[in-house]
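Take a look at the structure below.
FYI, side chains are in, hydrogens and waters are out, and symmetry mates aren't considered; it's all heavy atoms of this structure. A quick note: this is a predicted structure, and the numbers were derived from the prediction, not measured.
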Amino acid sequence: ALVLAVFLLLASPVRSQLIKEFFFVDQADKQLPVFVRGSHINKIALIFVQGGPGENGIDFGRSDYPRWRKSLEQHMVIAYYDQRGLNRPVRKINRDSINYQQYGKDLLAVAKQVHDRYQCKVFLLGHSAGGWITMHGLNQLSENQKLISGAILANTPLTNDHSVLRYQYYRPLYLRNLATELIEDGKDVIKWKEALNWINSIDSITNSDQARKWNQYVNKAFEPAKRRVSVGMIMRVLFKRPYQGLALLHRKDNQLINDILWESGKNEPSYLTMNISRPVLLITGRYDDVAPPEEMAVMYRSFRQSSIRILPDASHEAFLDQPELFNRAVLDFVLRQE
């Protein structure tokens with residue numbers, strides 16, 4: 001009995017730190033579903049902001065697709081949420097409320113609920129287009145508002161599909177640097193000299209044929225490991241709130257959200273980084289052709305407080321290609337913020 005009592009005494013503080021729950025956040029006449037899991041031992045919460053745009057976040061967490069359950073979630077709680085418009089019949093989606101500005105407001109509402117619920121520091125982790133949502137949220141904070149302690153922008157491009165700079169400058173620069181680096185390393189020299197000569201001859205990408213050729217070259221630079229999705233991962237998602245089996249699989253709402261946000265990108269400002277005073281960590285992969293290092297380096301220089309990590313042998317899902325390096329960078333960043 002004494003041994004059992006000692007065991008329970010030692011084990012109970014650990015168990016009391018573990019959190020796993022689902023709730024809704026009321027925001028502007030909508031309910032945003034939130035799934036939280038992890039350890040509260042360090043009193044840190046990380047809100048994952050899914051990219052796409054138009055991709056679900058809760059299935060990302062419940063399925064443990066990024067393998068954070070036995071890594072980052074051992075040190076912090078992670079809140080996964082589904083953005084406005086998702087999990088709804090297409091006919092019921094209010095198109096006027098689907099924009100990055102509103103998504104930034106929604107993110108701050110989730111952050112406040114998480115902060116108040118767990119009495120902890122809150123950090124944001126936006127991946128790809130989720131980084132744009134994250135920046136919109138950060139821009140809406142006042143200088144003295146303490147809600148957010150910092151943010152990680154993972155594989156987040158500075159430009160979008162409508163940006164002239166993406167095709168006239170950043171993508172040509174990425175291919176030039178990539179080809180030059182691989183030639184110097186003696187890797188498939190003939191092919192990469194051909195790529196270098198080609199991009200130097202056209203200087204910028206101006207039509208769909210050139211875009212396809214650019215893709216053909218950069219896609220050969222790095223082959224990411226095959227992403228495994230098991231039956232168990234799917235089953236952990238399909239029949240739990242807010243999803244309803246087949247309704248999750250047809251993805252009509254995802255496609256509509258993606259299309260609306262893509263269209264709204266035409267009006268996106270280029271000064272999103274200018275008013276952000278929170279510490280920011282930028283992470284990308286050396287072979288990320290969506291958010292290449294050349295582009296994220298410019299973003300890095302635009303923030304008041306920032307650091308940047310370029311992960312080797314990684315592409316647009318750096319958290320899968322280099323999980324140990326990615327997780328260590330995130331953990332080091334959140335733990336060193338006062």
Are [X] and [Y] close enough that a side-chain donor and a side-chain acceptor fall under 3.5 Å?
X      : Y      : value
Ser39  : His75  : no
Ser63  : Asp59  : no
Asp289 : Tyr217 : no
Thr180 : Glu184 : no

Side chain proximity check, [X] to [Y], heavy atoms < 4.5 angstrom:
X      : Y      : answer
Lys30  : Gln83  : no
Arg227 : Tyr65  : yes
Ser307 : Leu282 : no
Tyr243 : Ile58  : yes
Arg309 : Leu281 : yes
Phe303 : Pro279 : no
Ile44  : Cys120 : no
Tyr80  : Val34  : no

List the atom of Ala111, the atom of Ile47, and the distance in Å for their closest heavy-atom pair.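 Nearest heavy atoms, Ala111 then Ile47: CA-CD1, 3.3 Å.
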
Would you give the length of the straight line joining atom [atom1] of [X] to atom [atom2] of [Y], rounded to the nearest 0.5 angstrom?
X      : Y      : atom1 : atom2 : answer
Leu147 : Ser142 : CG    : OG    : 9.5 Å
Ile260 : Gln255 : CD1   : CD    : 10.5 Å
Tyr174 : Asp288 : OH    : CG    : 7.0 Å
Ile283 : Leu153 : CD1   : CG    : 9.0 Å
Lys121 : Leu335 : NZ    : CG    : 8.5 Å
Glu181 : Asn177 : CD    : CG    : 8.0 Å

Expected output: side-chain [X] to main-chain [Y] donor-acceptor under 3.5 Å:
X      : Y      : result
Trp214 : Arg171 : yes
Gln337 : Phe333 : yes
Gln322 : Pro312 : yes
Arg278 : Ile276 : no
Asp185 : Lys187 : no
Asp64  : Arg69  : yes
Glu317 : Asn155 : no
Asn42  : Met76  : no
Gln50  : Asn56  : yes
Asn160 : Gly265 : yes

Got a salt bridge between [X] and [Y], using NZ or NE/NH1/NH2 to carboxylate O under 4.0 Å?
X      : Y      : value
Arg166 : Asp161 : yes
Arg95  : Glu263 : no
Lys70  : Glu73  : no
Arg212 : Asp209 : yes
Asp116 : Lys112 : yes

Could you label the plane-to-plane angle of the His127 and Phe319 rings as parallel, tilted or perpendicular, counting under 30° as parallel and over 60° as perpendicular?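 Judged by the thresholds at 30° and 60°, the geometry between His127 and Phe319 is perpendicular.
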
In terms of the angle between their ring planes, are Tyr100 and Trp132 parallel, tilted or perpendicular, with boundaries placed at 30° and 60°?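 Rings of Tyr100 and Trp132: tilted, 30 to 60°.
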
Run the side chain to side chain contact (heavy atoms under 4.5 Å, CB included) test on Trp192 and Leu178 for me, step by step, so that the C-alpha distance in whole Å, both residues' side-chain angles and the decisive distance to 0.1 Å come before the verdict. CA-CA 9 Å; Trp192 289 110; Leu178 183 65; 4.2 Å; yes

Decide if atom CE of Met235 counts as having more than 12 heavy atoms of other residues, nucleotides or ligands within a radius under 6.0 Å.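 For Met235, atom CE is not crowded (no more than 12 foreign heavy atoms under 6.0 Å).
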
CZ (Arg328) with more than 12 external heavy atoms under 6.0 Å: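 Not buried by this count: 12 neighbours or fewer within 6.0 Å.
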
Does the cation-pi check pass for Arg62 over Phe35, that is, NZ or CZ under 6.0 Å from the six-membered ring centre and within 45° of its axis?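 Ring-cation test returns yes.
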
With side chain to side chain donor-acceptor pair (under 3.5 Å) as the test, would you mind laying out the steps for Glu295 and Thr159 before giving the verdict? CA-CA 8 Å; Glu295 194 166 333; Thr159 61; 2.6 Å; yes

Are Trp68 and Phe48 close enough that their ring centres sit under 6.0 Å apart?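 Ring centroids of Trp68 and Phe48 are less than 6.0 Å from each other.
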
Is the Phe24 to Phe22 ring centre distance short of 6.0 Å?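 Between Phe24 and Phe22, the centre distance is under 6.0 Å.
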
Does anything in residues 228-253 form a salt bridge (charged side-chain N to carboxylate O under 4.0 Å, His left out)? List the pairs, not counting sequence neighbours.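 Pairs touching residues 228-253 that pass the test: Glu55-Arg251.
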
Residue pairs, two or more places apart or on separate chains, that pass salt bridge (charged side-chain N to carboxylate O under 4.0 Å, His left out) and touch residues 196-208: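 Matches after skipping sequence neighbours: Arg176-Asp203.
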
Hphob cluster co-occupancy, Tyr287 + Ile183, side-chain heavy atoms under 4.5 angstrom: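 Yes, same cluster.
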
